[in-house]
Every structure is written in structure tokens, then in C-alpha cells.
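Just below is one structure, and these are the notes that go with it.
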Number of protein chains: 2
Amino acid sequence: MATLNDIGVAAAINILTAFAFFLAFAMLRIQPVNDRVYFPKWYIKGLRSSPLVNGSAFASKFVNLDLRSYTRFLNWMPAALQMPEPELIDHAGLDSAVYLRIYLLGLKIFGPIALIAFTVTIPVNWSNNTLEHSGLTYSDIDKTSISNIPIGSHKFWTHLVLAYCFTFWTCYVLKREYEIVAAMRLHFLASDQRRPDQFTVLVRNVPPDPDESVTDLVQHFFLVNHPHHYLSHQLVYNANKLSELVNEKKKIQNWLDFYQNKYKRNPLKRPSLKTGFLGLWGNRVDAIDFYTSIVERLSRDICGEREKVNSNTKSIMPAAFVSFKTRWGAAVCAQTQQSRNPTTWLTEWAPEPRDVYWENLAIPFVFLTIRRLIAAVAFFFLTFFFMIPIAIVQSLANIESIEKALPFLKPIIEVKFIKSFIQGFLPGIALKIFLLLLPTILMMMSKFEGFISLSALERRSASRYYFFQFINVFLGSIITGTAFQQLNHFIHQSTNQIPKTIGVSIPMKATFFITYIMVDGWAGVAGEILRLKPLIIYHLKNSFLVKTEKDREEAMDPGTVGFNTGEPQIQLYFLLGLVYAVVTPILLPFITVFFALAYVVYRHQIINVYHQEYESAAAFWPDVHVRVVAALIVSQLLLMGLLSTKEASQSTPLLITLPVLTICFHRFCKGRYEPAFVRYPLQEAMIKDTLERAKEANLNLKGFLQNAYIHPVFKSADGSDSDSESESEWERSPALVATKRTSKRFTPMPSKDGGSLLSLDQVNDECLKP
Amino acid sequence: MATLNDIGVAAAINILTAFAFFLAFAMLRIQPVNDRVYFPKWYIKGLRSSPLVNGSAFASKFVNLDLRSYTRFLNWMPAALQMPEPELIDHAGLDSAVYLRIYLLGLKIFGPIALIAFTVTIPVNWSNNTLEHSGLTYSDIDKTSISNIPIGSHKFWTHLVLAYCFTFWTCYVLKREYEIVAAMRLHFLASDQRRPDQFTVLVRNVPPDPDESVTDLVQHFFLVNHPHHYLSHQLVYNANKLSELVNEKKKIQNWLDFYQNKYKRNPLKRPSLKTGFLGLWGNRVDAIDFYTSIVERLSRDICGEREKVNSNTKSIMPAAFVSFKTRWGAAVCAQTQQSRNPTTWLTEWAPEPRDVYWENLAIPFVFLTIRRLIAAVAFFFLTFFFMIPIAIVQSLANIESIEKALPFLKPIIEVKFIKSFIQGFLPGIALKIFLLLLPTILMMMSKFEGFISLSALERRSASRYYFFQFINVFLGSIITGTAFQQLNHFIHQSTNQIPKTIGVSIPMKATFFITYIMVDGWAGVAGEILRLKPLIIYHLKNSFLVKTEKDREEAMDPGTVGFNTGEPQIQLYFLLGLVYAVVTPILLPFITVFFALAYVVYRHQIINVYHQEYESAAAFWPDVHVRVVAALIVSQLLLMGLLSTKEASQSTPLLITLPVLTICFHRFCKGRYEPAFVRYPLQEAMIKDTLERAKEANLNLKGFLQNAYIHPVFKSADGSDSDSESESEWERSPALVATKRTSKRFTPMPSKDGGSLLSLDQVNDECLKP
């Protein structure tokens, strides 16, 4: 049992660690050589192309020699807080800005709760001496907790009233935040910028038709059923092999560029290389000729494959991105059922082009059900039985088997110090590796389930990761034992016993969780800003692999906010905070500090580092909301269990009311705010359409949408330069008078200016040019 | 413990009872005097206006003297089965036809299951002699049940395999039936008949606007947001008081008619009456003058009230029925979100005009959440604590308190025979009354919850009634005790113990449920066809109250199928059948007989008797489906509990798989078929619209829709004759060229030919006529 002193010491150590991290960060970030590690966002946005250096000497390119800048080593903190929110949304997108609001939500909830708890609960708890008389070992921490109140005392009314207060406060903050985020989302979606996803709907499960091709089918279906609104459509191709070839070509092209640069710099010596493994052996050939021939061969292959994708109807997936003339038309199509058979012609809002997960676009409806079942079963086993394979690996991975497998290591291993180190280290390593791989495993599961956008994949992974943490970290720490043991325990226990079992253990685990918050939260967040891994990898790549400026840009790894790993971690803190708010309020300041620290750090990172791959317009907020509500309900149930063991059973009816009210609150919020995240009101669409028509009467919308939803491989194939050129060309092209599409209603073949925007044809034309 | 013989005797008694009912029915139905009791449907449809009699003598008007007709006393059965389904749908509506399919579903599921169970399970169970050696008392029934298999026997594999077979068979039949019903519904909705609800959407929670009236607001909103589709709208008035007045007038008018008829028949004596209570005392006045003056006063009151409703903006509710030019437009509006705030401008399909529950149209969104919470809590208490008030009533309603309250009854009560009869009867009567009132109570709860159509009210009541029966009849009979005792029991029991506790008791209760099926099912169904209550009430009314032919028509009470009470009863049989299919298959034939009998009886009743108040196009089928699936899962869990006590635990993993697969099946069905019951595919709408446009190019749709959604009180006020006249007038009126509504987009005032169809104006004009 840790005393207040022990906690103080631990806090001091962790604060010092965090401080050391911040100091290291302050040193490293002002070195020009690290500029691309700590400010990649600005490079990507094209606002910075080289480090801002004061001196012009050679050394100052790598090391910051301006001593004054070292004295202001914490000045990034106010800088991070200065950027106002609207600018932040412009700069980093709504997703990131709303992600920061999760930390703010934590501060808003736990700030006042901590204050009240400290002024009310701690004096009430402290003023008893149950523990002194109990003969049990106890610490000062325990004296501030509910354990110190005698059984059957009337003082439990304080906790009951506080539970109500905290619930109402949390619900109030949650509701207000939901309201704000929903308004932000609607404002963002309605903001003046035109985006292709506002006009586009993804159609899946186009039914096979023996007489018509998919493109004809789609065109006819939408011309008939949305006659005044249908504009065009973009087919979805199965271009996985093409994608591979293009990537291969890109890699080889880089090598070619590198050798050409090298030859340019030193024209006397033509570079050569060995063709064997890693260039270590084999015939020595001329490098430029060698790579030129490979590039040529790959170009031919790509054209062949592209031809195949284009001509072979099998590579056309039964899905399409259908664009409409107005936002109203798209909103209508996305929200309605199209066909009599509800498993065909499934329409939904097209994700943002960057957000599309192309591989899953063609899964039929029946398989989706089956895949979901399999994923659910797999996740169940993963959560409750993950210890079994790890235990097996642990039993295999011992010193003896290593010596057997790699006998030449034997002399080293047999050194006593190393042996004991390995023996202590080895059992944990399998678990560590598993936990590191867990987000990847969960992401693979989500992909298997068939979600069609990256944002949906991340949301799904996040909810599974949270559930895993809830079972294995939260419950696993409170009731020591593996998840399966718990499950077994719970199945054999009566329903009203479960909250009791957990509730009773809660106050005893407070010190453990305080330490956990400091190590995982404080030091973890401070470590996040240091970006040790990207720093090392960047410098390694920069020294050994980077050949061209393009490579250097690719070596820069800005990373993303990482919703699928970050959010579940925050949610764990919400859970801990709400569970301990009434029971052991001493935990609250630690959580509040975490939220404050994380808010500043992540705000800095979002401004300077992270580069979001997609923009889902805060579509994740309902998930965040529902998880906090779930944590609230868990905290209420556990408090009920705890109080029922304290013979304060007269409070049970009042405590049962709390979760009922909370669920009611949740349902209200779901009805009131969730539609803003799922549907798109026609009124908004109409306003936007009308405004646009008034402002840009002869807008060439078809040009704007033409290539928006083309598979990235077709875009990148021509090189990014030509692509952006052609795009801007479309935007510059004079507005055409819209063709009367209705007159073409029964056109059997798609024409180029007509329904289908087969940009593949264009790509192909380029291929056929000599 | 009942033996096979006992069951046989009970069966014989119940078969005889049912037979006696059928005989009585056969006698009564061919009496002309009962014609309106047993064939009201034909009267209502206008296909019959007087009994079909052979003779023309006076006596043959009341008694059937044709002796040959008595010999064919069961010929209604084939007659009931003869009418083919499409004709039945035409005759009685889709709701009734699909309701019959529930019984067919039962036959399809349990017929083959009973066959397999008898050829496989019973021999397997019978071939053991566990019970003989156990020393327990047992019966032949028990010998055919799973109890007869020794603990840990390998014969349990038979039951396991059968559980799988039965699950797959049930799921197969369910899926096929869902498919058929969905197709029937879509066909019905798409059938050529034009119905106002196809074009109409109900808008609720129109936000208050200080500057505009509700009608302007609605018109402007839909002109702006559905410019090409909006046709007109019909406001919703709060006309409860007016409704009362109209009913009052109708009653008085009947009396007036009666006295006028009387005077006409006997012109010598002008009828007179006393004005006091029930015409027993008071001043004697001239009856015709008296009632004429009342009718005149009421007519004035009605006009005044109508004026008030029409002029007072407070009587306009913030809701409206909005009609569209095309089915496509209505389908789009019903399925999309209109406004940024998802709690205003709520749109949903308008129910059929007859189906609207007018009182609930104006409940705001927030109150809906609160009302639902209150109803849920109330239902919880009703289900688990309903015994408490009944016990209190029972303790009060004893002989002593009756004697105290009504001392003049004392001599009668004190007679020994009567006293013992009352003492035996009284405790049960409170419970009986409660159970009779239960459907009414549940219906009131549903009304309180705010559903806006009668069909939704019935569906909600049905699901609550089923839950009540599941807890209090099914579980209550298996684990003897009140629901609250069970709840308490379950809360204090471990989760895996609950299926065991119930599972073990199941085989022991087989004989009880067999008796229950015979009494409640067989005899109940036979009693249903006899229509004893309507028969008695009709004859009472006919003798004492009927004054005019109109009254006689109103005395005829055809009744309805009664989905809210009938369906839960059938579901109980599904549950029993599925639970006992593997455990005690001897129960299955009884259930099969019930389904067959009920099918024939209800088919006869639907053809000849019941008159549905509304048509929801089988919207209840998803509920039926989900309840059968739930019963399947319950049966699987209970089998798991039962087998785990038989030390056949190696079967547990296989048994756990079953509910998982069943849930997966349910989710598949939900995704595949449920949308057909909730949404309306645009493709269908478009096909119908195009066909209609081709067939009736100049259809006056506005005329067709004009009065469709007017509150019934405004329709009935003018008398049904004038109403139908004006309707047919609209249908005959020449087709107008549709006005260009877009040019009116900013019209501030509604014009009569424009947006709002204030038929109230017309009604008013009539009022103002001298």
C-alpha cells in the first residue's frame, strides 16, 4: 500500500521524466537537421521548403548556433495554444480540431468534479477512523477514499448526492459538446468550399445483368430513377495488380534517377552495379542502362495490364460512384432505398476521395453478414483467449530453445549477467510484441469486415481496442487474472454479485491506477512530442537510403493523430476518472493534469506534425460520446455494487435510477444530434445549391467531378505532374451548356460526353501513343 | 404426473367441447335471425342486405326450417378454405391475409418437426429405463421425454443433431415466409389502386415561427426544399371538442329519427317523453319537438365550435400532411432528413387515412423521449409487480367486507352453498379482471407513448403483451412464483445457472402445457367461432335498443382480428413448440392441431366476420419474425441448460454455436427483408408514376388528395352522403393544367387552388349558408 509520500515520489520521478522529454524536445526541434521531423506539416503544405536558419554557415545547416533560442525552450506551448480554432480547422482539418476537443471535454468534465470532490468528499472520508480500528494495513490514500467510512454510515448520502451531481454535470457537458461539434460539422460541410463527396453517392451491389454492362446498367438505372438529378458516374475497377506494378515502377524509377544524378555529378565514371541479391554479387552491369530497361519493361507491363483492366469486364466491380447535378439530388439518393431488393443498389454517401478504401468496394451483401459474424467471433476469442498463444510462445521462447536454434550464440548467452537478463526479459517480450501488434490486428479485422472508408475502419478499430482495454486493462487490473478467468468467474457468479466483486476491489486499486496514469499518460504524452521513433528512422533513412530530394520527402513520416489507438486511451482515462470520482477522488488531479498536458502536446503536434490522410468531418464524435456515456454507466453500476457491500442498501433504488436516466439521456442525444453525423438535411443541400447557382451560374460541375473518384493508381500512373496539370485544365475549361440528359434516356451506349466518365479511355489513349 | 391415459381423457373432453362449440355454431349460423352476427362482413361490404332465406313464411325470417342445411353442419370448413389468397386479399385486405399466414407458418414449422421428432426422438427416449430405476414417480409422458435418458449418455447426440435440424428448418421456413410476405407487401403497395398515403408524408414538429402561420410555413418550406414535387398540404386541427359535439348530435338525431318513424307509422298519436333521467320522470313533452330543438342547438354549437377551430390559430397543431405530385417525391421526402435540426420537420410516411391516431400528432420530440421512458418504467412495474395491487384487492374483497358494504345481500350470501362458491370464486376474480383488462392497459400505454397510427399502437401493445406472457405465463408456470420472485431469484443466481434452473423444470411441465394448449388453444379457438359475446349483445341490443335500421347496422359488431391480443397468443405456442420440440416431442401434435384448427377458424372469421379498421400492408411481419427467432434462441439456451445438468457438457460448444448462428440469421433477414416494411424503394415509385402518367395523363391528383387527410369529424359532420357525393364530384371534375408552382415560390398567402387545401373553408361556407 503506497502512502501519499510514495505517490509524491513517483509523481516527482514522472514529472522529471516528462520534463526531461520536453527539454530534449526543445533542444532537438530547433536543430535545422531535425526540421523535417518536427515540422513536417509545414513542408507538406508547401509553406516551408528548408529549415529556417539564422546563420548561413555550413554548420548552421545542421546545428542551431543561436544560443538565445535555447533559453526559450518551452515557448512552443503558448505557440501551440495561440492558433484560434477556425484557423486550426483550416490548417489541419475538422477531424483534428474535433479530436482536440476530446481532451477539452476531459478538462471540462474533470476540472469542476475534482474541485467539488476535494472540497467535499475528501474531508468527509478523512474525518472517519474506520481503517485505524480495522487492524488492516492502510495508507493515507486509503484514508481519503470511501473505504474509510464505517459500514452503514449515513455519510454515504454525501457520495450518493455527489454521484447525482457528477452524472448531471457530465451529461450537461456531453450534451453541450455534442451540440457544438454537430454545429461545427454542419458548418464545415456547408462551408463554401465545393467538394466532390457532396455531389457523389457510392452505389454498391449493382445486380449482374446478362444483357448490359455495368456502366450501361448504372447509367440507365439512375437516368430512370433520378431523371432530373443524375449527372455522371465513375466505375470502380479491380486494379490491385496494376497498383503493384505501378509501385514497382516507381521504386525502380527512383533508383534510375539516383544513378542519373550521380552520373551528372561525376560524368567521368558511369555508375555500375551487381545484379544479384542486394547488389552484393552477380554480373556487374551499367546501372543506368539496367534500370532504364527495367523501367521500359514495367511501362510496357503497366500498359498491358491497364489495357486488360480496361477491356476485361471482369475487372469492373459491381459498384460505382454516381454523381448528381445538385447536392440535393445526392442527399436524396444517399438516404433512400433504390430498388425493391434492399441488398442491391445499395447507396450511401461517398466518402471523401482520399478516404476511400478501394479493396472493399465489391463485397456482396451476404458476405458482409458472414464476414461480420466471423470478425465478431474472432474478436471474442482475441479478447478472452489472447493469453493462450502468448503463453505457448513464452514456454517455447526460453534460453534452451534459443541455444538449440542458434548454437553460435551459446557462448554469449551463457554469460551469467546476459542469461539472467534474457530470462527476465524473454517472457514479457511476446506479450509486448502482441500489444504492439494489437492495433494492426484490429485494423486487419476491420478491413476484413468490409468497411469502405479509412475513417470507418479507424472508428471500428477504436471501438474494439477500447473494449479490449476495458476487459484486459481495466477489469484485468481490478480483478487480477486473465480475461478468460474473469469471464468464467462472471458466468458462475450471480448477476448482482458482479458489480459487488468489482466495486469492492476498486478503492484498493487506486494507487495502481495513479501510477498507471503517470507512466502511461504523463510520460507517454511527453514521449509523443519527442517523436523518438520517427526521429531515429528519419536520420537512418537520410543517411543510408535517401537518394533524391523526393526520397527525402518520403523519408519524412508526419504520422497521423491515430484515432484508432489514441481515442481508446483517452477513453480509458474517462472511465478511470468517472469510476474514481466518488470513490477515491485523489485520482482526479492526475487525470486532469493528463488531459491538460495532452491537450497542449497534441495541439502542437497537430499544428506542426501530423498530416491527416482523410477528412471525415468529425464523423467519430458519436462514438466518443457513447463511450463516455458507457463509462458513466459502468461507474454508476460499480458504485452501486460498492455501496451495497457497505450496507447502505437504502440507497440502491436511488442508484438504480441513475443508469436509467443516463440511458434515457443517451437516447435523447442520439435522436437529437446523431442524425447530423449520419444524414445530410435537404434544407442545407438546397441552400448550398441555390447559393452556388446564383454565384456561379455556368459552373462546369462535370469537369469538377470527372476524375474525383478515379482509383489512385490511375492518377499516379501518369505521374503527379501531368495529373495536376490535367486537373487544373478541367477547372479552367470554359463552362459548357449542360446537355439535356433526359433526351438520352434510352441511349444504349455510353458516350464520352454522356453518362460515363471513362477517364480510363483517356489514360489508354496516352498508352497507345507511340 | 399425468399418464398418457389421463392426457387422452383430457384430450377427449376438449375435443368434445370443441365439437360441441362447432355444432352449436353450425346450428346458430344458419338461423336468419343470427345472420348479422355470423356474416357481418358481407353486410358491411354491401354484398348482403338481408338473410338468405329459402321460405318466405314469417317464421323462416327467424328460424331456419330447411332441414337439409342441418345435415351439412361442417360445410363451412371447406368453404373457408376455398377462397384463393388473392381473392382473400381483395376481400379482407392484406393485413388479414398475412395474419393467416402466421398460422400457416406454425403448420409449416411444426408439421415436419413433429414427424421427425416422433420417428426419432420418442423411440430413442423410450428405449431407456432411467426413470424405472430412479425410484421417482413418473408417467408415460415422461418416458417419451428427455428425462428418461441416463445422465452422461451418448444418446444426447441425437437431441443435439435434432436441435440443429430443427433450427435450420425453422430458419429456412422463416426466411422463405419473410420473402413471400415482403413480396406480397410490395405487390400490394404497387398494385394498381391509387391510395392517398402513397403520395402523402406526415410532417411533425413544425418549428414555431412568430411571423408566419403554420400553413404558410409548411407551404414555404416544401416549396423551397421540394420545388418540383410539392403539391399541397392538409393542416392538422385539434378537434377533440368538436368531435364530442358531433357524436352527441348523431345520438340525438337517431332518437329524432326513431320518433319520427314512430309518428309516421301511427299518425294518430304524437309520441311524447319525459325529460328526466332515462325518461322515467320529469315533464312530459312532445318528443319530436324536443329532439328537433336539441338537434338545432347542437348544430349551432357545432358551427360555433367549427368556426373557433378554424379561426383560432391555437387549434392548429404543428403538424401537417404534405402531399406530393408523384410517389417518387413522397418517397424521397419520407426517407430523408429535412432540416438541420433533426428534431424539427420530422417526416415519415403518412399512415393510411383510416389508420391515423389523431390525438398523438402534436407531441414534441423531447416529450416523446420522456414518455417512452415513463412507459418503459411503468411496463416494468406492471410486468413484475402486478401481483401486489391484485393481492391487496383480494384481501379487501372478502365476504365480510361485502356484507358490510351491502348489508341487504347478507341473507343471500349467508346461504352455505353460495358462500362457499363466492369464497372460492372471489380471490380469482380480481386476477381475471386484471387479465381481461391487460390488453386495454397496454393499449393505453402505447397511446401514451405517442405512436401516430393504430397499426403501430397495436404492434407495440402486441410486443408488450408477448413479453408479459413470456414472463408471467411461460416462466411463471415453469418456475412457480410471481414474476418479481423470479426476477429476484435470477438476480441472485449466477448467469449460467439460470438456463439450468429453467431447463431442468421444462420436461416436468409438459403435461401442464399440453392441458393449457387444449383448453386455451383448442376450446378457445372453437369458442371464437361461436362468437358468444357478440351474439348475446346483438340480440340484447336488437330487442331493447335498436330503433332504426341504421341502429341495427351499428348493433352489428364485426370486431377485428385483434393483432394486439391474438398474435402474442400464437407466439406463445411457437415458443412452447420450439422449447419442447427436442425435450418432450409428445407436445408437438397438440400444437400442430391448434395451428390447423385456428387456421381454418380464423380464415372463416376473416372471410365472414371481421372488419379491419385499417390496412397497414402487413407492416407487422418483422415483429412476428423477430419473436419466432427469439423463441428459437430461448429454446436453444434452455436446451443448453438442460443438457449441462445431464453431464453432456461436451455438447456445450456445439450448443453455444446455435444461438450465435441464429442471431446471425436474424441480422441477415433484417438487412435483407426488413427495408421492404420500413422504406419505399424509389424504383417502385418511379415505375408506378410512369405507368400512371402514361395511363391517365390528365389526372386531377389534387382533387383526389384534397380531403383524404381531413380529420374524420369534419367529414362526418356533413353526413356521409354529402361527403361521398363531393368526393365523386372531385373525381369527375375535369383535369386542370397543373399550375407552375415554382412561380409561386414566394407567394406570402396560401390561395385556394395553390398550396393549402383548406377544406375547412368549404365546410365553413356550408355553415354560413342560411
Side-chain angles (χ1 to χ4, degrees), chain A residues 182-183 186 190 221 224-228 328 331-343 345 365-366 368-370 372-373 376-377 380 488 490-498 657 660-661 663-665 667-668 671-676 678-687 690, chain B residues 182-183 186 190 221 224-228 328 331-343 345 365-366 368-370 372-373 376-377 380 488 490-498 657 660-661 663-665 667-668 671-676 678-687 690:
Chain A
L186 285 174
F221 186 86
V224 168
N225 291 307
H226 294 268
H228 305 298
W328 192 91
V332 160
C333 183
Q335 294 178 52
T336 50
Q337 189 186 335
Q338 306 306 315
S339 140
R340 167 172 245 191
N341 180 344
T343 62
W345 297 106
F365 185 82
V366 184
L368 279 183
T369 319
I370 296 170
R372 240 158 242 185
L373 172 74
V377 171
F380 173 83
N488 203 29
F490 288 149
I491 284 178
H492 288 90
Q493 216 170 22
S494 79
T495 319
N496 71 339
Q497 195 59 44
I498 296 169
T657 317
V660 173
L661 287 178
I663 289 169
C664 186
F665 164 77
R667 298 193 68 178
F668 168 76
R672 175 69 184 80
Y673 300 112
E674 205 182 275
V678 188
R679 316 178 85 186
Y680 189 55
L682 295 186
Q683 196 182 18
E684 295 276 315
M686 194 48 103
I687 292 171
T690 313
Chain B
L186 286 174
F221 186 86
V224 169
N225 292 307
H226 296 268
H228 305 299
W328 193 91
V332 159
C333 183
Q335 293 179 52
T336 49
Q337 190 186 333
Q338 307 305 314
S339 141
R340 168 173 245 189
N341 180 343
T343 60
W345 297 105
F365 185 81
V366 183
L368 279 183
T369 319
I370 296 169
R372 240 157 242 185
L373 172 74
V377 171
F380 173 82
N488 203 29
F490 290 148
I491 284 178
H492 288 89
Q493 216 169 22
S494 78
T495 319
N496 72 338
Q497 195 59 43
I498 296 169
T657 319
V660 174
L661 287 178
I663 290 169
C664 186
F665 163 78
R667 297 192 70 175
F668 167 77
R672 174 68 183 78
Y673 300 111
E674 206 182 275
V678 188
R679 316 176 86 183
Y680 189 54
L682 294 187
Q683 197 181 17
E684 294 278 314
M686 195 48 105
I687 291 171
T690 313

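Residue numbering restarts at 1 for every chain, and letters A, B, ... go by the order of the sequence lines.
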With respect to B:Glu684, which candidate in A:Gln338, A:Gln337, A:Arg340 satisfies the side-chain hydrogen bond (donor to acceptor under 3.5 Å, both in side chains) definition?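 So the option named by the test is A:Arg340.
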How close do A:Ala331 and A:Ala685 get, counting heavy atoms only, and between which atoms?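 Closest approach of A:Ala331 to A:Ala685, heavy atoms only: CB-CB, 4.5 Å.
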Can you see which heavy atom on B:Gln335 is nearest to which on A:Arg679, and at what distance?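 Result for this residue pair: O-NH2, 2.6 Å.
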Partners passing side chain to side chain donor-acceptor pair (under 3.5 Å) against A:Asn225 (at least two apart in sequence or in another chain):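 Partners of A:Asn225 by the side chain to side chain donor-acceptor pair (under 3.5 Å) criterion come out as none, since no residue qualifies.
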Counting heavy-atom pairs under 4.5 Å to chain B, which of [options] comes out on top?
options                                : answer
A:Leu186, A:Val332, A:Leu368           : A:Leu186
A:Thr336, A:Val660, A:Thr369, A:Asn341 : A:Thr336
A:Glu674, A:Arg672, A:Met686           : A:Arg672

Could you measure the distance from the OH atom of B:Tyr680 to the CH2 atom of B:Trp328? Nearest 0.5 Å is fine.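 It comes to 13.5 Å.
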Contacting moiety of B:Leu373, where chain A heavy atoms sit under 4.5 Å: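 For B:Leu373, side-chain heavy atoms alone lie under 4.5 Å from chain A.
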Taking side chain as everything from C-beta outward and backbone as N, CA, C, O, which of these in A:Phe221 sits under 4.5 Å from a heavy atom of chain B? Side chain, backbone, both or neither.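 It is the side chain, since no backbone atom gets that close.
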